[in-house]
Each structure stands twice: as structure tokens, then as C-alpha cells.
2 protein chains.
Amino acid sequence: MGRHSDNGEADGRATLSDVAARAGVSPSTASIAFSGQGPVAEATKARVLAAAEELGYTGPDPLARSLRTGRSGIVGALIPQRIGTSFRDPVIIQTLDGLAEELGQGGTGLLLLSERTRETDRVSLEAAPIDALVLLGCGVSSPAAIAVLHRRGVPVITIEGEPSAGVANIDVDNRGGTRLLAEHLRDLGHRDVALVTLALDVGDELAPLTDAALEAGTLRPGVARVHGARDVFPAAPGIIASGSTIADGRAAGRMLLDVEASARPTAIMAQSDLLAAGVVFAAQDLGLSVPADLSVVGFDGVRIDELPMPLTTVSQPAQEKGAAAGRAVVELLDGGQPESRCFPVVFERGGTTAPPAER
Amino acid sequence: MGRHSDNGEADGRATLSDVAARAGVSPSTASIAFSGQGPVAEATKARVLAAAEELGYTGPDPLARSLRTGRSGIVGALIPQRIGTSFRDPVIIQTLDGLAEELGQGGTGLLLLSERTRETDRVSLEAAPIDALVLLGCGVSSPAAIAVLHRRGVPVITIEGEPSAGVANIDVDNRGGTRLLAEHLRDLGHRDVALVTLALDVGDELAPLTDAALEAGTLRPGVARVHGARDVFPAAPGIIASGSTIADGRAAGRMLLDVEASARPTAIMAQSDLLAAGVVFAAQDLGLSVPADLSVVGFDGVRIDELPMPLTTVSQPAQEKGAAAGRAVVELLDGGQPESRCFPVVFERGGTTAPPAER
DNA sequence: CTGTTAGCGCATTCAG
DNA sequence: CTGAATGCGCTAACAG
């Protein structure tokens with residue numbers, strides 16, 4: 001007893017075959033009518049569509065279509081922490097925005113995956129129905145899982161990731177940009193400069209920057225920016241922040257500034273604008289005036305509305321970075337071999353830097 | 001010429017059948033060995049796993065598995081605007097965080113979908129391989145698309161959505177919470193109170209609040225909060241903001257405050273903490289002191305670090321809201337029928353409200 | 001506990 | 001331009 005063509009729209013589960021039967025054509029013709037992948041007579045197509053309408057058929061089942069074509073139309077975006085944490089960083093959001101927009105053009109969806117997963121759901125990365133994976137601000141990130149994807153034929157691309165063989169990496173000039181800022185401070189006359197860094201490794205807590213931590217660091221942006229600063233101030237000490245937030249910057253700033261005046265740096269280089277804003281607030285908390293008593297620079301070019309003056313910083317094209325990653329993914333899925341790319345940053349002189357006060 | 005069991009790992013595309021053949025068991029047994037859905041002898045299981053290892057087989061193809069089981073393991077989250085816009089709102093982020101965490105427990109992924117899609121990619125919502133859809137801060141939102149999902153058997157749940165038949169809605173007490181704040185202001189002696197509202201409809205721009213706009217409003221939170229305020233101050237005028245940002249709040253605040261003193265409200269109720277912070281900054285811009293010259297209240301209970309004092313506001317359990325939605329989805333997929341739910345908010349007296357200045 | 005038998009719903013060869 | 005057959009890779013029944 002076939003279940004085709006005998007039920008009207010009783011169980012609401014019409015298939016393409018049902019539609020074809022009702023329209024008096026073969027399933028393959030009906031398929032073409034829907035996908036447009038092939039020639040159909042207008043009249044036939046109309047008949048098929050009408051039959052579909054009558055049966056309440058709304059289009060091919062995505063699951064079946066996926067199995068057949070070998071593609072799900074979804075790419076994964078792996079972020080380092082849980083959403084509530086990672087998404088406090090405007091750079092991540094903008095990057096994701098650019099990525100989603102670019103992919104959306106082709107009807108591709110974005111599946112959010114978090115690097116920090118419990119043991120139990122580690123499956124998700126390895127078993128996710130994705131056509132490609134984008135690593136966003138992640139470290140080496142479960143190399144095992146990546147290997148599995150590779151073997152499954154799922155291509156990977158990274159954003160500010162570890163340059164590794166065969167995966168395209170979308171980068172920004174972290175080291176050069178930071179060096180620019182450091183040179184700016186040096187030219188103003190600063191010699192005692194301290195750093196507030198991003199996390200250098202997953203799980204970093206607010207702590208003094210050590211050589212060991214720097215060498216063990218797996219998170220590119222933080223590590224590269226330390227190097228950029230040290231290109232100019234080789235002995236600059238620092239504090240490692242755990243996240244890129246105003247609160248973290250404020251705490252780190254306090255650690256650096258709440259000491260006797262002679263031990264206080266004349267400038268602080270924060271590795272993100274959010275951290276820099278926090279440092280400015282920390283200075284204010286301690287009665288120091290910026291930039292008279294302390295110069296502060298950031299990184300990113302995010303506008304911090306609530307700061308009394310614009311930050312001296314370098315701006316990076318976060319959204320464009322995501323869009324580039326999106327285009328790379330598309331190219332990859334089209335069988336191409338996208339190239340790695342490094343975006344420049346642009347120096348922006350704000351109101352938070354000035355020559356150091358006389359001592 | 002079968003392609004099973006004759007190739008080692010030549011083309012890297014081993015299937016479960018290949019593994020089964022190599023292990024000398026049937027495909028179904030191998031399947032069970034991987035999924036754990038059924039009884040297998042430890043020894044057999046080990047043999048299967050060993051064979052898989054040798055063939056470089058890393059587990060069942062998610063696409064095939066999905067077709068067979070009828071589930072993709074993915075739920076969609078529909079947000080009102082593009083990521084870069086929607087994710088500027090910490091409440092949305094926290095809600096999404098709670099949702100993702102709860103779903104992640106069961107290995108379910110989150111697919112990001114945006115309500116604001118071009119004509120071309122409108123397919124994605126209708127053709128996305130999702131097991132359920134969560135509407136997050138959306139309006140009635142492409143009713144057509146929703147209907148399609150319904151017919152396809154994809155259940156929908158809403159967060160602060162339009163209560164509609166058959167879909168569970170996770171809500172917060174927007175009206176009651178705002179009324180609480182209004183009563184607080186009234187008790188302090190305020191009579192001239194103005195509002196800064198969230199967008200009442202998709203596409204709203206910064207503009208004065210009119211009755212027409214209020215009645216046409218489709219975005220629950222904004223509309224409900226206006227009603228809550230008007231329960232106490234029936235004639236309160238207002239400005240509709242387009243987004244929940246400090247910048248918008250500042251602009252709206254300026255419109256309300258940059259007038260002759262006699263026409264100035266003594267208190268402003270902003271519908272989000274971000275908007276409220278903007279209003280505080282606007283007041284400062286104009287040389288008004290908060291709360292001496294102007295009282296300000298927010299909504300949400302988001303901590304705004306950069307404000308000189310904590311806001312008087314009501315806090316809502318944003319993350320818990322998302323988690324509740326997640327649990328509802330799980331229940332739905334288990335064949336249950338989750339109930340709608342409304343979370344309470346809690347009043348938090350901060351430092352931004354005081355009795356009005358003498359006139 | 002394991003094997004056998006059937007499809008899930010569709011897109012694609014290849015003939016006509 | 002249309003139709004008939006084939007299997008994507010897997011899992012759910014049941015039978016042994």
C-alpha cells in the first residue's frame with residue numbers, strides 16, 4: 001500500500017513525489033521545478049507549483065536535500081567562550097556581523113559553537129552538520145576536533161589564528177599597529193610604559209605578565225601586541241587581563257597605578273579600547289588626570305561613547321575582517337583555495353596621550 | 001563492483017558500512033556501537049571502534065543521521081536586526097547565552113537567523129534545517145515564514161513575543177516593572193515625567209512618541225513599558241529611540257532636556273539601562289546634575305560600569321529567560337507542551353533618583 | 001545480544 | 001524537455 005498520491009493533505013507531510021504525482025509529472029521534473037536546476041516548460045512548472053500549493057507542500061525537505069547534495073548550507077563559527085562572555089567584545093560582534101552578512105548573501109547560515117564546552121557536549125563540534133568552520137579569536141583550540149573536521153572534509157579558516165599549513169588565516173597587523181602606538185608614546189617622551197594585555201591563553205586570569213606566560217601564549221592578538229610594544233619598549237611590564245572589558249581594564253589599571261608615584265608608569269598601553277577605557281577610569285578613581293598625569297592608548301578603534309575624550313588608538317576593520325572570512329569560506333566551498341590575508345590598522349590620535357609630566 | 005570493503009582509507013570517505021565490514025559485524029551493530037542506542041557487547045564495540053580507527057572513520061555523517069532521524073540537532077534563533085545591531089544590547093546577548101547554554105547541554109546547536117533579510121535570502125528561514133525556532137525580541141515577524149515552519153512541523157516559541165495561540169511565550173513583567181518605577185518617581189514627588197522608549201516597531205527612528213505609533217507598535221517590550229509608565233503618568237510624553245544604546249539615549253535625552261527650564265521634565269524614564277545611561281550623559285552635557293536636577297530610571301538591571309552612580313532600575317533575569325526558552329524547546333522536542341511563563345523583575349534603588357528640585 | 005530488511009526525501013544520472 | 005531508476009549514509013524495526 002503506497003502512501004503516495006492517496007492522501008489529500010491529511011497528515012500534512014506531503015513529499016515531492018506526492019506533488020509530482022498530483023501534477024502528473026515525474027519526481028525529477030518536480031524537483032527541477034523547485035530548484036530551477038534544469039530546464040522546465042513554464043506550463044509544467046506552473047502545474048507543479050499549483051499542485052504543491054494544493055497539498056500544502058512548501059518546498060524540499062532541507063534534511064533530505066542536504067544528504068543528497070552533501071551540503072547543509074551552514075557554516076560554524078567557533079568562539080572562545082560562552083556567548084555571554086565572548087559577545088561582550090565589540091570586535092567579535094562586528095567580525096561576526098561581517099561574516100554573517102557575507103554568508104547570508106548566499107543563503108548560508110551561521111551556527112554558533114563555543115570552544116569552552118563541557119566534556120559531555122564536545123560532540124557538537126565534531127558532529128555538527130557544517131560545511132565549513134571559522135575559528136574566531138580562538139587559540140589552537142581542540143586540535144583533535146579540528147583534525148576530525150579535516151578528515152571529514154570540512155574546511156577550516158581562522159581569524160587571527162595560528163598560521164598553520166593549509167588553512168587560510170584572516171589577520172590584522174597586531175604587532176605593527178601596537179608598534180605604531182609605542183612609537184607615538186616614545187616620540188612624546190615616555191620611557192616608563194606598562195601594558196595591559198588581552199588574555200594570552202584560554203583561562204588566563206588577571207595577573208602580572210611574565211615571560212613564561214608570553215611564551216606559552218596561544219592567543220595571537222595578545223601575544224603579537226605584546227611583541228609590538230616590546231619592539232619599542234623592550235622591558236615594558238604588564239598585567240594580563242582575562243577579558244576585554246572596561247571592568248578588567250579598570251582592575252588592571254588600578255594594579256598598575258595604585259603604587260607610589262615614583263613607581264608609576266607615565267603611559268599605559270592597553271590592548272583593546274575597552275581595556276583602555278577601564279584604565280582611564282582607574283586613573284580617574286585615583287585622582288590622576290589623563291593625559292596630563294598619564295597617557296593611555298588602546299587598540300581596535302571602537303568608539304567608547306562614555307569616555308570624556310576620544311582614545312588614542314589604532315582602528316582595525318573588524319567587520320571587513322569578518323566579511324573577508326565569509327568570502328574565503330564561499331571560495332573554499334566553491335572549490336577554490338582562498339589566500340591568507342592581513343589587514344592594516346590605522347593610527348588615530350585621540351585626546352588620551354600627551355608628553356609625560358615633569359618629575 | 002562494490003565500493004565497500006575494498007578500499008583501505010584511500011579516499012578518506014569511509015562509511016559506517018565499511019567499518020562494519022572491517023569489524024565483521026553488521027551495519028546496525030556498528031551503528032549501535034557509535035550511538036550507544038542499544039545493547040552491544042563490550043568486545044564487539046571495541047572491535048568496531050578499532051576498525052573505525054584503522055579506517056579513519058570519525059563517526060556517523062551528521063547529514064545522513066539527520067535525514068534518518070528527522071532531526072538536525074539545531075534550533076534557530078531569530079533576532080530582529082543584523083548581528084552587529086542586535087548584539088549591542090546586553091539583554092539580547094544574555095538571553096542568547098542562557099538559551100545556548102541550556103541547549104548545549106543536550107548537544108543542540110544554535111543557528112543565528114536575522115529577521116531583517118534581503119529578499120534574496122529569505123529562503124533561509126523557511127529552508128533552514130532546524131528542529132525548532134526561537135523568536136527573540138522580534139515583532140510579528142514574517143508571519144508567512146512562521147506559517148511555513150508550522151506546516152513543516154517546526155515548533156516555534158517566542159521571547160517577549162506576541163501571545164498567540166499554541167506558541168509558548170517567555171515573558172517578563174514589563175508593564176508591572178515600569179509601573180513600579182513610575183510609582184517610585186511619583187512617591188518622590190515627580191509630576192513632569194518623560195519617557196525614552198525602545199523601538200515600538202521594526203524600523204523606528206528617533207522620534208516623538210505619538211498615540212498612533214503606540215497603537216501600531218508590534219514590539220512588546222517597548223509598548224508594554226509605555227503602558228506601565230502611563231498607568232501612573234497618563235499623559236507622559238516621550239521620545240522613541242531606535243536602538244537600545246547609550247548614544248540613542250543621549251540623543252533622546254538631549255531632545256527632552258535641551259529646552260527652556262520650565263518645559264523640562266523633572267524625571268525621565270528610559271526603557272533600558274543603556275538608554276538611561278545616555279540620558280544621564282545628556283544631562284551632564286547640559287550642565288544638569290543627576291539626581292538633583294533630574295531623576296533618571298532605566299530598565300534591565302545591566303551594570304553600566306562607566307556611570308558615576310548606579311541606576312535606579314528594575315532588573316530582569318535575562319539569562320534565566322533564555323534558559324527557560326531553552327528548556328521549553330527541549331520539552332517541545334520531547335513531545336511535551338511547554339507553558340508560557342512570565343518572569344518578575346526586581347526594583348533596585350540606585351543613585352539616580354531623588355525628589356524634584358523646588359521650582 | 002546481533003543480523004536482515006527497509007526506507008527517510010530527494011537530486012541526479014541516463015534514455016527517450 | 002520529461003520520465004524511470006538509483007543510492008546519498010544511516011537507523012529503526014523486527015527476527016534470529
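Since the model is a prediction, treat every value here as computed from it, not as a measurement. Below, chains carry the letters A, B, ... as their sequence lines are ordered, and counting in each starts from 1.
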Item checked: Pairwise side-chain contact, A:Arg220 with A:Pro163, heavy-atom cut-off 4.5 Å (strictly under) ->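 Touching, per the 4.5 Å side-chain cut-off.
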
Next item on the list: Would you check if A:Asp131 and A:Thr108 make a side-chain contact, meaning some heavy-atom pair closer than 4.5 Å?
Entry: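 No. Closest side-chain heavy atoms not under 4.5 Å.
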
Of the listed nucleotides [options], the one nearest the side chain of [X]:
| X | options | value |
| --- | --- | --- |
| B:Thr69 | C:dT4, C:dT2, D:dA12 | D:dA12 |
| A:Val40 | D:dT2, C:dG9, D:dC10 | D:dT2 |
| A:Ala41 | C:dC10, D:dT2, C:dT2 | D:dT2 |
| A:Arg68 | D:dG3, D:dT11, C:dC10 | C:dC10 |

What is the distance from [atom1] of [X] to [atom2] of [N], rounded to the nearest Å?
| X | N | atom1 | atom2 | result |
| --- | --- | --- | --- | --- |
| B:Leu16 | D:dC8 | CG | P | 13 Å |
| A:Asp61 | D:dC10 | CG | C1' | 15 Å |
| B:Arg13 | D:dC10 | CZ | C1' | 16 Å |
| B:Gln37 | D:dA13 | CD | P | 11 Å |
| A:Ile32 | C:dC14 | CD1 | C1' | 13 Å |
| B:Phe34 | D:dC10 | CZ | C1' | 12 Å |
| A:Asp18 | C:dC8 | CG | P | 11 Å |
| B:Arg47 | C:dC1 | CZ | C1' | 12 Å |

Item checked: 5'-most by nearest nucleotide on DNA chain C - A:Pro60 or B:Glu42 ->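 Taking each residue's closest nucleotide, the earlier one in sequence belongs to B:Glu42.
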
Next item on the list: Please tell me which of B:Val25 and A:Ser35 maps to the more 5' nucleotide of DNA chain C, matching each residue to the nucleotide holding its nearest heavy atom.
Entry: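 Its nucleotide being nearer the 5' end, the pick is B:Val25.
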
Under 4.0 Å, heavy atoms only, any strand: does [X] hit a base, just the sugar-phosphate, or nothing?
| X | value |
| --- | --- |
| B:Tyr57 | sugar-phosphate |
| A:Leu67 | base |
| B:Ser66 | nothing |

Please check the phosphate of [N] (OP1 and OP2 only) for any side-chain N or O of [X] closer than 4.0 Å.
| X | N | result |
| --- | --- | --- |
| B:Thr29 | C:dT2 | no |
| A:Thr15 | C:dG9 | no |
| B:Ser17 | D:dG9 | no |

Notebook entry, point to check: Hey, are B:Glu320 and B:Arg327 close enough for a salt bridge, meaning a charged N less than 4.0 Å from a carboxylate O?
Noted result: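 Yes, B:Glu320 and B:Arg327 are salt-bridged.
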
Next item on the list: Give a yes or no on whether a salt bridge exists between A:Arg151 and A:Glu126, defined as a side-chain N under 4.0 angstrom from a carboxylate O.
Entry: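 A:Glu126 and A:Arg151: not salt-bridged.
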
Check: Just by distance, do the side chain of A:Thr95 and the backbone of A:Gly322 share a donor-acceptor pair under 3.5 Å?
Finding: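 Side chain of A:Thr95 to backbone of A:Gly322, a donor-acceptor pair under 3.5 Å: no, none is there.
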
Notebook entry, point to check: If you measure from CG on B:Leu96 to CD1 on B:Ile79, what distance do you get to the nearest 0.5 Å?
Noted result: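 Between atom CG of B:Leu96 and atom CD1 of B:Ile79 there are 7.5 Å.
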
Notebook entry, point to check: Is there a donor and acceptor pair, one atom on the side chain of B:Ser28 and one on the base of C:dT4, closer than 3.5 Å?
Noted result: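 Donor-acceptor pair under 3.5 Å: yes.
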
